[in-house]
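Working notes, beginning with the structure itself.
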Amino acid sequence: MKLPASRKFRALLAYLTVARGAVAREKLCDLLWEGPSDPRGELRWCLSRLRSVLDTHGRSRVIAVDDQISLDLDGCDVDALLLLETARGGVDGLGLQELLTIASRCDGDFLEGIGIRNCAAFEHWLGGRRSEFRSYQLDIAAEIGRRTPVGSVDGLPAARRWIDLAGLDTGANIRFLSELLHRRMVDECNRHLDMAARLFADEGLDFAPVRDAWEQLRHAAAQPTQVAVSERVREPAQSIHPAASRRASVAIMPFRELGAGPEMRRDLGSAVAHDIISRLARLRSLFVIARGSVFAVAEERLGSQDIGRRLGVDYVATGFMEQHDRGVCVTVEVAEAATARIIWTAQFEARSAERLAILDEIGDGIVSSIAAEIENEERNRAILKPPDSLDAWEAYHRGLWHMYRFTPDENARAAEFFHLSTRLDPTFSRAHAGLSFTHWQRAFQRWSDRDAETRNALKAAGQSLLIDDQNPAAHWSMGRALWLSGDHDEAVRELEQSVHLSPNFALGHYALSFVHSQSGDPAAAIASSDHSRLLSPCDPLLFGMLGTRALALVSLGAFEEAAQWGVKAAARPNAHVHIVAIAALCLALAGRIAEARNYVTRIRRQNPGYRIDNFLDTFRFAPDITARYRNAAALIGLT
């Protein structure tokens with residue numbers, strides 16, 4: 001349901017929802033209206049709005065008897081009440097799937113983002129309730145962590161959730177280390193041990209049980225084995241663990257608030273950093289340090305290098321927020337921890353000082369930019385290293401560097417590095433997704449047998465999903481492979497799952513635009529294209545994001561606008577021949593024949609034998625749209 005934006009309305013609804021029985025009007029007034037001269041009038045207004053939202057089909061859910069107010073929530077599905085009922089009944093009698101469902105529905109802080117200034121009574125109540133709900137969430141996360149088998153698909157997410165909620169719990173630390181070690185993520189094990197030991201010491205807690213358990217786990221681990229050597233990309237000569245992998249790590253520090261006035265909450269910078277940590281972690285492309293560890297270190301006011309040493313991270317993201325008449329200006333920078341060298345900085349403007357509004361307006365841009373800039377830095381670093389010195393993470397990024405060149409030879413080279421990455425770490429889901437993409441490219445560009453490469457793309461995507469079905473890149477690779485096989489509906493479902501898992505996953509939005517622009521919903525294609533470019537404005541696949549928008553506009557009959565977007569797509573430096581063909585055909589449909597023929601000349605330089613059938617066989621258009629493109633091709637000699 002759509003709720004009014006009023007914080008006091010939402011606070012009243014929440015308070016009555018979790019209250020045990022009716023509440024006196026006077027108590028509600030004292031709780032929420034310390035300032036107004038007519039608190040009862042304010043309460044009457046909120047109750048009337050509550051009735052308009054909750055009452056349905058003649059059933060009154062806002063009950064007012066004498067001076068007492070209560071809610072009739074019989075038959076309503078309320079997350080907070082579900083968590084309370086679970087806590088009262090205990091978790092022992094619930095199955096694992098039930099616990100997972102409750103955990104997913106009851107994630108985050110109770111009334112996250114809702115705070116009312118100058119209402120001390122409400123803030124006191126809210127603080128107590130949040131602590132209570134966190135303890136219930138922890139009980140569920142711990143039970144899930146204990147029951148989920150180590151090494152299973154859900155094992156790492158369960159262990160990470162438990163450690164995020166209970167960083168100083170011995171059992172949570174041992175479970176997390178067990179999961180990392182099973183996946184041969186040895187670097188991350190050592191990093192976590194160092195960080196956890198410092199946190200335990202700061203709190204005066206005994207770290208020996210965790211250290212002893214780690215030694216037992218380490219000694220029980222399998223011995224190193226030798227991996228095979230490819231013909232073109234030599235692997236390290238020494239014995240290595242087959243899955244000794246890592247990811248680039250980043251710490252998102254709380255944002256400093258400069259000149260925070262009465263309209264800007266003092267904890268806003270921390271809240272925004274917390275949301276960025278959560279969103280960035282859902283991308284699963286980087287190792288993101290948990291909120292508790294970061295916030296503990298933040299109190300010491302260290303520089304980037306010191307933070308890097310304390311937390312054992314590769315990159316540190318910092319920033320500050322400054323309020324002005326138009327809202328809030330947020331400045332963010334990412335530094336390489338080892339050198340304190342700034343690799344990226346940018347400013348973002350929000351038209352409000354409210355936390356939710358800030359995240360809605362600029363959160364996506366901050367999260368996507370941090371991920372993109374760090375991954376770009378990792379690609380550049382990997383390309384400078386000798387191939388036989390690469391680990392699985394570096395081999396993957398070296399593969400991306402070659403893949404984004406979009407030529408047959410570079411695509412083949414990329415496949416070799418992805419193969420190397422999967423041999424060095426068979427549990428590296430994204431490396432399998434990258435390998436699937438190289439097969440997809442071969443099929444899409446007709447560089448090899450389309451049917452065979454489609455099968456290979458599906459196989460590699462399936463392996464990526466088998467390893468980590470919570471990774472958006474795995475669903476992205478499967479969605480694209482399913483599109484190749486002609487299964488439009490399943491492709492859309494997989495791609496929608498990729499952006500559901502991580503709304504900041506730009507390639508997922510782009511792939512949805514690609515599929516919908518041909519035989520799906522052109523309006524949805526345009527929306528997805530626009531969102532993918534908002535998330536990743538400098539993406540290596542930007543030519544595709546622009547090109548799919550042009551295709552969608554052709555389906556809508558907006559030929560002149562389609563031509564403008566097609567020309568933008570073809571102007572990208574790595575645009576392949578099909579993108580140039582989109583520009584030529586859209587210009588022809590718009591009646592700009594001379595300009596279109598210039599692009600045909602460019603097509604002939606790239607591929608002398610290219611014809612309209614090459615274009616139409618590559619995509620999957622409806623018959624009427626196919627006819628449009630054939631007519632356009634006849635006008636410019638592309639038949």
Side-chain angles (χ1 to χ4, degrees), residues 109 112-115 117 248-283 286-377 504 534-538:
D109 274 344
E112 189 171 0
I114 299 297
R117 292 185 302 274
S249 53
V250 60
I252 310 296
M253 307 306 294
F255 289 12
R256 292 180 293 119
E257 297 162 44
L258 305 182
E263 298 301 319
M264 189 174 185
R265 289 182 55 196
R266 287 285 178 180
D267 65 347
L268 181 59
S270 297
V272 172
H274 173 59
D275 275 352
I276 291 173
I277 289 170
S278 300
R279 293 185 186 209
L280 199 57
R282 292 176 70 182
L283 280 172
L286 302 169
F287 183 90
V288 186
I289 299 300
R291 176 184 183 276
S293 303
V294 167
F295 281 42
V297 171
E299 296 178 1
E300 300 179 35
R301 299 189 177 277
L302 304 174
S304 296
Q305 288 178 294
D306 290 329
I307 292 172
R309 282 191 289 269
R310 285 292 302 274
L311 296 177
V313 295
D314 302 307
Y315 300 93
V316 176
T318 57
F320 60 86
M321 313 175 71
E322 190 167 14
Q323 188 176 5
H324 50 66
D325 293 340
R326 299 180 302 280
V328 174
C329 176
V330 182
T331 300
V332 189
E333 66 179 34
V334 176
E336 184 182 52
T339 63
R341 177 177 63 89
I342 295 174
I343 66 168
W344 170 78
T345 185
Q347 280 191 340
F348 299 85
E349 293 279 344
R351 293 183 295 275
S352 169
E354 294 292 333
R355 172 187 168 244
L356 292 179
I358 290 174
L359 265 296
D360 285 342
E361 291 185 40
I362 64 176
D364 288 342
I366 293 175
V367 172
S368 301
S369 295
I370 289 174
E373 293 299 329
I374 290 178
E375 294 230 36
N376 184 60
E377 184 74 11
N504 290 91
L534 176 67
L535 291 172
S536 187
C538 300

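In this chain, residues are counted from 1 in sequence order.
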Between [X] and [Y], what is the shortest heavy-atom contact and its length?
X: I374; Y: A248; answer: CG2-CB, 4.2 Å
X: A338; Y: Q305; answer: O-NE2, 2.9 Å
X: A337; Y: G308; answer: CB-CA, 3.8 Å
X: T318; Y: F255; answer: C-CE1, 4.5 Å
X: L311; Y: A251; answer: CD1-CB, 3.7 Å
X: S369; Y: W344; answer: CB-CZ2, 3.3 Å

Trace of the side chain to side chain contact (heavy atoms under 4.5 Å, CB included) decision for I342 with E333:
CA-CA 7 Å; I342 295 174; E333 66 179 34; 3.4 Å; yes
Answer yes or no: is there a donor N or O on one side and an acceptor on the other, between the side chain of T345 and the main chain of V332, under 3.5 Å?
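It does hold such a pair.
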Contact check, side chains of Y315 and E377, non-hydrogen atoms, under 4.5 Å:
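The answer is yes; the side chains approach within 4.5 Å.
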Side-chain contact, heavy-atom cut-off 4.5 Å: E300 with I307?
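A side-chain contact is absent here, since even the closest heavy-atom pair is not under 4.5 Å.
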Working for side chain to side chain contact (heavy atoms under 4.5 Å, CB included), residues I289 and V313
CA-CA 8 Å; I289 299 300; V313 295; 3.3 Å; yes
To the nearest 0.5 Å, what is the distance between [atom1] on [X] and [atom2] on [Y]?
X: L280; Y: D275; atom1: CG; atom2: CG; answer: 12.0 Å
X: M253; Y: S270; atom1: CE; atom2: OG; answer: 10.0 Å
X: E375; Y: I370; atom1: CD; atom2: CD1; answer: 12.5 Å
X: I366; Y: R279; atom1: CD1; atom2: CZ; answer: 9.0 Å

Apply side chain to side chain contact (heavy atoms under 4.5 Å, CB included) to residues D364 and N504 and explain how you reach the verdict.
CA-CA 6 Å; D364 288 342; N504 290 91; 3.0 Å; yes
By side chain to side chain donor-acceptor pair (under 3.5 Å) - contacts of S304 (at least two apart):
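In terms of side chain to side chain donor-acceptor pair (under 3.5 Å), with neighbours along the sequence ignored, S304 is linked to no residue.
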Verify side chain to side chain contact (heavy atoms under 4.5 Å, CB included) between V294 and I252, making sure each step is shown before the conclusion.
CA-CA 7 Å; V294 167; I252 310 296; 5.7 Å; no
